[in-house]
Amino acid sequence: METNTSYDPSFAREVFENVDSGEEIKMCMQCGMCAASCPLREHMDYPPRQIFSMIRAGKRDMVLNANSIMMCTSCYTCQVRCPRGIPVIDVMHGLAHYAISKGILTRKDTAVFGREFWQQIYKTGRIDEKDLSRRYFFADGIITGIKKSLQMARMGIIMLLHGRMKILPEKKIKGIKSLRSMLDKAMQTGKGGSEV
Amino acid sequence: MKYFLYWGCSLEASGVNYLRSLKPVCEALGMEFEEIPDWNCCGASVSYAGANDLAIKVLNARNLALAEKKANYDIIAPCSSCYIQMIKVNHEIQENESLRERVNSILAEDGLAYNGSIRVRHIQDVLFNDIGTEQIKRHVTKPLNGLKVAGYVGCQSVRPYGEYDSVHNPVVQDKLLEALDAKPVPFPKKIQCCGSGIFLPEMDLCLGLVRDILDDAVSHGAEIISTVCPMCAMNLEMYQDRINEKYGTDFDIPIVYLTQLMAVAFGMDLKRDAALHHNVIPPENILKAAIGN
């Protein structure tokens, strides 16, 4: 544990400028309600409170490599309890997006799953659950893909038998071309996230 | 009363029993639905991995704009993730003029614009506030006779805005269950998250969350668990085997949608309207015993 932490504002500035909702951490008073509220708190290396403090202390690598920023279940418990009204989830998602865009995949499965999810929306406008699972399983190559598929095969068959899987592939929405140009424009003009 | 029904991607696949039961129940209650033309996915809770915030806002603003162009009905989003994504962007656009202009400059790619005139509602909100429990009671022909139900609220159906129910101690689902003559059991984990959209990639961690929820419901006497979210339903129902294997537990409790229970209590067909045959852990026997069939 470092005892003489000096504050380095350069990373905080980077976060305010480039990370979606990053400037919201200015309101944090370090009470720890977010950490206590999180369903996955036991598995996090640094809970949100600590992440916000580390941003101010300039701990760039520790923050961007923290497992917690990619572990948010988006349950909004921290957010409704935060006495300073910080949209904690938006900040965590913003940090995760920023880290992933820099090639940091601390929770690789979650990052890959989320990216596949987004790519499918970009491709067709909608999500095809079975196709999403297949792409996610095979994102790491064919061997891992077969292994992961076999682990989930029983569940897949059960769902198919109970009519809870779409047989036909998802068709593209009619406005897919214009949707894509909208999303391209948003990705180009928004920040790592966007300013609000 | 007319509404847009934005059912989203899951309700056509893993959550098909939600959509199939919701439609006849709501129609019986006098609601009429229109589809938002050419709607797209809401982005759910994991798109941030690939998209920035503005892109996710645009995704939802497109749906809102398409709805507004067609009619001025409220949008009902039965899936909690669709609901939270859409209501969040709606509030932000309504409250922030510069954001609205910015989003509209992007929607203009397809000649669209959103002026912020639409209301986004959860199905529980509409059932409780527009229809009301008295009206629902009048449609109950096969009361559930004190069936002990754990009404699992989860997270995104009430948080963060709490537009129609408390974010800390929600009661609406329990009141709706009471209107069917079911007996909602108190269980504190009813607002704990099940892992939601990251359940699949973080399964090792999330199995523990679901175990805690199931354990809380069962130990408070629940015979069945109701839910209003396709992710909750999936995560609570499909992984009970794995949980039993991992933790040495013995869970085998049916997970049904609130609308399925309503269809049963309204005396509708158990297959065609209540869509019970889509459930993997069969709820038929428990429900037939409750209604005295």
Side-chain angles (χ1 to χ4, degrees), chain A residues 20-21 39-40 43 70-77 79-80 87 90 93-94 96-97 100 107 109-115 117-119 121-122 125-130 133 136 155 158-159 162-166 170 173-175 178-179 181-183 185-187 189-194 196, chain B residues 9-10 12-17 38-41 43-59 62 81 84 92 96 99 102 106-107 109-110 154-156 159-160 162 167-168 191-202 205-206 209 238-239 241 277-280:
Chain A
D20 196 31
S21 302
L40 291 180
H43 308 285
M70 293 182 199
M71 231 183 239
C72 174
T73 65
S74 313
C75 77
Y76 291 89
T77 311
Q79 198 155 318
V80 297
D90 295 349
H93 288 181
H97 176 71
I100 292 167
R107 300 301 290 180
D109 287 350
T110 298
V112 168
F113 180 73
R115 235 169 19 193
F117 197 96
W118 178 252
Q119 279 164 10
I121 294 174
Y122 190 84
R126 292 187 190 172
I127 290 295
D128 181 334
E129 289 175 339
K130 66 173 181 316
S133 312
Y136 162 65
M155 188 173 131
I158 289 171
M159 292 191 65
H162 285 82
R164 283 167 71 174
M165 207 185 268
K166 253 190 172 178
E170 192 67 65
I173 62 166
K174 284 185 212 136
S178 57
L179 176 66
S181 57
M182 287 177 199
L183 298 177
K185 203 170 168 189
M187 291 296 279
T189 57
K191 60 178 180 183
S194 68
V196 173
Chain B
C9 309
S10 285
E12 292 185 347
S14 63
V16 67
N17 35 352
D38 204 39
W39 55 269
N40 54 259
C41 170
S45 48
V46 293
S47 283
Y48 62 83
N52 66 9
D53 188 54
L54 188 59
I56 296 168
K57 282 189 169 73
V58 165
L59 210 52
R62 180 179 177 272
S81 215
I84 190 61
E92 285 167 347
N96 184 335
L99 174 70
R102 192 166 182 201
I106 296 174
L107 293 180
E109 295 275 326
D110 199 21
C155 41
Q156 298 174 347
R159 294 196 293 268
V167 294
H168 303 294
I191 55 162
Q192 185 192 280
C193 181
C194 66
S196 182
I198 65 165
F199 189 99
L200 189 59
E202 298 288 1
L205 314 182
C206 295
L209 298 179
M238 299 304 299
Y239 299 96
D241 279 357
H277 60 294
H278 288 296
N279 288 54
V280 170

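Letters A, B, ... are given to chains in the order of the sequence lines, protein chains preceding strands, and every chain is numbered from 1. Values in this document were obtained by computation on a predicted structure and should not be read as measured data.
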Peer 1: Any chance you could lay out the side-chain contact (heavy atoms from CB on, under 4.5 Å) test for A/M182 and B/L107, step after step, and finish with the verdict?
Peer 2: CA-CA 6 Å; A/M182 287 177 199; B/L107 293 180; 3.9 Å; yes

Peer 1: Between B/S10 and chain A, which part of the residue has a heavy atom less than 4.5 Å away: side chain, backbone, both or neither?
Peer 2: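 Both parts, backbone and side chain.
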
Peer 1: Output the option from B/Q192, B/H277, B/E12 having the highest count of non-hydrogen pairs under 4.5 Å with chain A.
Peer 2: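 Of B/Q192, B/H277, B/E12, B/E12 has the most heavy-atom pairs under 4.5 Å with chain A.
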
Peer 1: Mind running side-chain contact (heavy atoms from CB on, under 4.5 Å) on B/V167 and A/T77 for me, showing each step along the way?
Peer 2: CA-CA 8 Å; B/V167 294; A/T77 311; over 6 Å; no

Peer 1: Any idea which of B/D38, B/V16, B/V46 has the most non-hydrogen atom pairs under 4.5 angstrom with chain A?
Peer 2: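 With the most close heavy-atom pairs to chain A, the winner is B/D38.
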
Peer 1: Counting heavy-atom pairs under 4.5 Å with chain B, which one of A/C75, A/G163, A/G175 comes out on top?
Peer 2: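 Among the listed options, the one with the most contacts to chain B is A/C75.
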
Peer 1: Contact part of B/V58 toward chain A, heavy-atom cut-off under 4.5 Å: side chain, backbone, both or neither?
Peer 2: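 The side chain, not the backbone.
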
Peer 1: Would you mind reporting whether B/I56 and A/H93 have side-chain heavy atoms less than 4.5 Å apart?
Peer 2: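 A/H93 does not reach B/I56 side chain to side chain.
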
Peer 1: Check whether B/R102 reaches the backbone of A/T189 with its side chain - one donor and one acceptor, N or O, closer than 3.5 Å.
Peer 2: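 Checked: pair present.
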
Peer 1: Can you say whether A/I121 sits under 4.5 Å from chain B via the side chain, the backbone, both, or neither, judging by heavy atoms?
Peer 2: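 Side chain only.
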
Peer 1: Chain B heavy atoms under 4.5 Å from A/Y136: which part of the residue, side chain, backbone, both or neither?
Peer 2: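 Side chain only.
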
Peer 1: Which bit of A/I127 comes within less than 4.5 Å of chain B, counting heavy atoms only: side chain, backbone, both or neither?
Peer 2: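 Both backbone and side chain.
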
Peer 1: Taking A/M155, A/Q119, A/M159, A/M165 one by one, which has the highest count of heavy-atom pairs under 4.5 Å against chain B?
Peer 2: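 Answer, by heavy-atom pair count under 4.5 Å with chain B: A/M155.
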
Peer 1: Which distance, rounded to the nearest 0.5 Å, do you find between the CG of A/L183 and the CG of B/N40?
Peer 2: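 These two atoms lie 8.0 Å from each other.
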
Peer 1: So, do B/R62 and A/I173 sit near enough that their side-chain heavy atoms are less than 4.5 Å apart?
Peer 2: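 Of all side-chain heavy-atom pairs linking A/I173 with B/R62, at least one is under 4.5 Å.
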
Peer 1: What option among B/S14, B/A55, B/S47 has the most heavy-atom pairs under 4.5 Å with chain A?
Peer 2: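 Looking at each of B/S14, B/A55, B/S47 in turn, B/S14 comes out on top.
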
Peer 1: Measuring heavy-atom distances to chain A, does B/I84 have an atom under 4.5 Å in its side chain, in its backbone, in both, or in neither?
Peer 2: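 Looking at B/I84, just its side chain touches chain A.
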
Peer 1: Which residue out of A/S133, A/A111, A/C72 racks up the most heavy-atom pairs below 4.5 Å with chain B?
Peer 2: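 With the most close heavy-atom pairs to chain B, the winner is A/C72.
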
Peer 1: Between B/L209 and chain A, with a heavy-atom cut-off of 4.5 Å, which part of the residue counts as in contact: side chain, backbone, both or neither?
Peer 2: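 For B/L209, the side chain is the part near chain A, not the backbone.
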
Peer 1: Against chain A, work out which of B/G50, B/G43, B/G197 has the most heavy-atom pairs shorter than 4.5 Å and name it.
Peer 2: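 The residue among B/G50, B/G43, B/G197 with the greatest pair count is B/G50.
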
Peer 1: Nearest 0.5 Å please: distance from the CG atom of B/D241 over to the CD1 atom of A/I158.
Peer 2: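 Reported to 0.5 Å precision, the distance equals 6.5 Å.
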
Peer 1: For chain B, find which of A/K185, A/K166, A/E129 contributes the most heavy-atom pairs closer than 4.5 angstrom.
Peer 2: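 Most heavy-atom pairs under 4.5 Å with chain B: A/E129.
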
Peer 1: Just do the side-chain contact (heavy atoms from CB on, under 4.5 Å) check on B/N52 and A/D20 with the steps written out, would you?
Peer 2: CA-CA 7 Å; B/N52 66 9; A/D20 196 31; over 6 Å; no

Peer 1: Does any heavy atom of chain B fall under 4.5 Å from the side chain of A/M71, the backbone, both, or neither of them?
Peer 2: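 Both parts, backbone and side chain.
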
Peer 1: Within this structure, what is the OG-CD1 distance for the pair A/S74 and B/I198, rounded to the nearest 0.5 Å?
Peer 2: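 Separation between the atoms: 7.5 Å.
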
Peer 1: What heavy-atom pair brings B/Y48 and A/H97 nearest, and what distance separates the two atoms?
Peer 2: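 Where B/Y48 meets A/H97 most closely, the heavy atoms are O-ND1, 2.8 Å.
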
Peer 1: Could you tell me which of B/S45, B/S196, B/G162 has the largest number of non-hydrogen atom pairs under 4.5 Å with chain A?
Peer 2: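 Highest number of pairs under 4.5 Å: B/S45.
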
Peer 1: Out of A/T73, A/D109, A/L179, A/L40, which one racks up the most heavy-atom pairs below 4.5 Å with chain B?
Peer 2: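 Highest number of pairs under 4.5 Å: A/T73.
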
Peer 1: Name all residues meeting the ring pair (Phe, Tyr, Trp, His ring centres under 6.0 Å) criterion together with B/F199; count only those two or more places apart in sequence or in a different chain, and write none if there are none.
Peer 2: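 For B/F199, the residues satisfying ring pair (Phe, Tyr, Trp, His ring centres under 6.0 Å) (neighbours in sequence not counted) are B/Y239.
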
Peer 1: Specify the closest pair of heavy atoms between B/N17 and A/R164, including all atoms of both residues, with the distance to one decimal.
Peer 2: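 Looking at all heavy atoms of both residues, the closest pair is ND2-NH1, 3.8 Å.
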
Peer 1: Going by the rule side chain to side chain contact (heavy atoms under 4.5 Å, CB included), which residues pair with A/D128 if we only count those two or more places apart in sequence or in a different chain?
Peer 2: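 For A/D128, the residues satisfying side chain to side chain contact (heavy atoms under 4.5 Å, CB included) (neighbours in sequence not counted) are A/Q120, A/K130, A/D131, A/P169, A/E170.
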
Peer 1: So how far is it from B/I106 CD1 to A/S178 OG, rounded to the nearest 0.5 Å?
Peer 2: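 It comes to 13.0 Å.
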
